Chemist: 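Before we start, here is the structure in question, set down as structure tokens.
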Amino acid sequence: MPEGPSIVILTELIENLHLHKPEIIEVSGNVTTIDQDRLLHQKIQEFRSFGKRFLICFKDFTLQIHFMLFGTYLINDTKKTPLKLGLTLKKDQLNFYTCKVDLLEGKADSLYDWSIDIMGDEWDSKKAIKKLKELPDSYICDLLLDQHIFSGVGNIIKNEVLYRSRIHPLSKIKDLPLAKIKELVAEARHYSFDFLKWKKEGTLSKHWEVYNQKVCPKNHPIAKKEIGKTHRQTYYCPACQKKYN
DNA sequence: ACGTATGTTATCCT
DNA sequence: TAGGATAACATACG
């Protein structure tokens with residue numbers, strides 16, 4: 001569920017219900033981080049995604065849902081897991097489980113820097129490149145996961161993008177030629193949309209070239225290590241991916 | 001059946 | 001005190 005493209009899918013699913021600024025008739029769930037009464041009888045203005053966050057937008061505040069690692073949702077269905085937040089509309093019900101819910105004052109437009117949303121129309125690759133160059137000593141595997149640079153990129157996207165760009169995860173920004181940085185940033189955006197397409201088709205895992213794989217497409221053995229500052233599981237091909245230093 | 005994990009953050013260490 | 005390690009969340013998947 002958690003990476004950016006999956007949140008886009010959720011947003012599209014709800015948009016396809018063709019709700020028209022629906023009123024919240026009932027609020028349920030065990031969420032404690034927000035005042036549930038604040039939502040009652042409010043009209044939802046729109047649904048949006050920002051990075052890994054799902055946004056339910058109201059006139060002057062924004063409900064932000066982050067699914068973390070285990071979060072799930074059901075539309076017009078329920079399950080046994082304790083309900084974190086349920087929103088009953090006139091005809092539909094939106095149920096969120098195992099997620100982090102926050103109520104932020106203000107409109108979504110002004111709450112986030114939309115130019116860093118990897119799936120967004122306003123994505124600004126030049127800005128990402130600029131931010132990367134400001135962190136010369138960081139490993140590229142950590143920077144791809146930096147939500148202040150690549151909002152919405154997660155561990156799967158990280159691994160696949162590094163393979164596509166043929167960059168070893170422990171390369172540092174200062175050692176990468178500018179052309180390579182540009183390629184990487186472009187690939188981060190491009191693969192995110194491939195992820196979206198394949199996830200919709202149900203073929204995402206079939207297209208993994210390194211993530212969860214034993215060998216790369218050229219049949220070289222894949223290395224699997226927890227590396228970088230973030231210690232996230234990293235899959236890479238030592239033969240195909242060049243270490244810049 | 002069990003180990004692992006698409007993520008983040010608070011808290012406890014050193 | 002800065003930074004690192006750890007736990008917590010609760011489920012699905014192979």
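Chain A is the first sequence line, chain B the second, and so forth, proteins listed ahead of strands; every chain is numbered from 1. All figures in this text were calculated on a predicted structure; none of them were measured in a lab.
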Chemist: Anything under 30° is parallel, anything over 60° is perpendicular, the rest tilted; go ahead and classify A/Tyr235 against A/Tyr211.
Modeler: perpendicular

Chemist: For the residue pair A/Lys79 and A/Tyr97, would you count it as a cation-pi contact if the rule is NZ or CZ under 6.0 angstrom from the ring centre and within 45 degrees of the ring axis?
Modeler: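 Relative to the ring axis of A/Tyr97, which defines the angle, A/Lys79 lies inside both limits.
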
Chemist: Can you check the A/Phe67 CZ to C/dA10 P distance for me, whole Å?
Modeler: 15 Å

Chemist: So, is A/Arg232 close to the B/dA5 phosphate, meaning a side-chain N or O under 4.0 Å from OP1 or OP2?
Modeler: no

Chemist: What is the distance, to the nearest angstrom, from the CG atom on A/Asn155 to the P atom on B/dG7?
Modeler: 6 Å

Chemist: Nearest-Å distance, CG (A/Asp146) to C1' (B/dT9)?
Modeler: 15 Å

Chemist: Touch check for A/Lys79, heavy atoms < 4.0 angstrom, all strands: base, sugar-phosphate only, or nothing?
Modeler: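 Sugar-phosphate only.
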
Chemist: Please tell me if A/Lys100 has a side-chain N or O lying less than 4.0 Å from either OP1 or OP2 of B/dT8.
Modeler: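 Answer is no, no contact under 4.0 Å.
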
Chemist: Indicate whether OP1 or OP2 belonging to B/dA5 is found under 4.0 Å from a side-chain N or O atom of A/Lys224.
Modeler: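 Indeed, a polar side-chain atom of A/Lys224 lies that close.
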
Chemist: Identify, between A/Ser205 and A/Lys80, the residue whose nearest nucleotide on DNA chain C lies closer to the 5' end.
Modeler: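 With A/Ser205 and A/Lys80 compared, the 5'-side residue is A/Lys80.
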
Chemist: Is the NZ or CZ atom of A/Arg48 both under 6.0 Å from the centre of the six-membered ring of A/Phe54 and within 45° of that ring's axis?
Modeler: no

Chemist: Look at all strands and tell whether A/Tyr97 reaches a base, only sugar-phosphate, or nothing, counting heavy atoms closer than 4.0 Å.
Modeler: nothing

Chemist: With no hydrogens and no angle check, is any side-chain donor or acceptor of A/Lys180 less than 3.5 Å from a backbone partner on A/Ser165?
Modeler: yes

Chemist: Could you tell me which non-hydrogen atom of A/Gly29 sits nearest to which non-hydrogen atom of A/Gln36, and how far apart they are?
Modeler: O-NE2, 3.0 Å

Chemist: How does DNA chain C look in dot-bracket form if you count Watson-Crick and G-U pairs under 3.5 Å, write [ ] for pairs that cross, and put | where a base pairs with another strand?
Modeler: .||||||||.||||

Chemist: OP1 or OP2 of B/dA5 less than 4.0 angstrom from a side-chain nitrogen or oxygen of A/Gln233, does that happen here?
Modeler: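 Yes, within the criterion.
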
Chemist: So A/Trp114 and A/Tyr112, would you call those rings parallel, tilted or perpendicular, with 30° and 60° as cut-offs?
Modeler: perpendicular

Chemist: Rounding to a whole Å, what distance do you find between A/Asn212:CG and B/dT6:P?
Modeler: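 The answer, rounded to whole Å, is 8 Å.
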
Chemist: In whole angstrom, give the distance that lies between atom CG of A/Leu10 and atom C1' of B/dT6.
Modeler: 15 Å

Chemist: Expressed in angstrom and rounded to an integer, what is the separation of A/Tyr73 atom OH from C/dA10 atom C1'?
Modeler: 18 Å

Chemist: Any protein N or O atoms within reach of nucleotides 4-7 of chain C? Criterion: under 3.5 Å, listing atom names and distances.
Modeler:
unit_1: C/dA5; atom_1: OP2; unit_2: A/His231; atom_2: NE2; d: 3.1

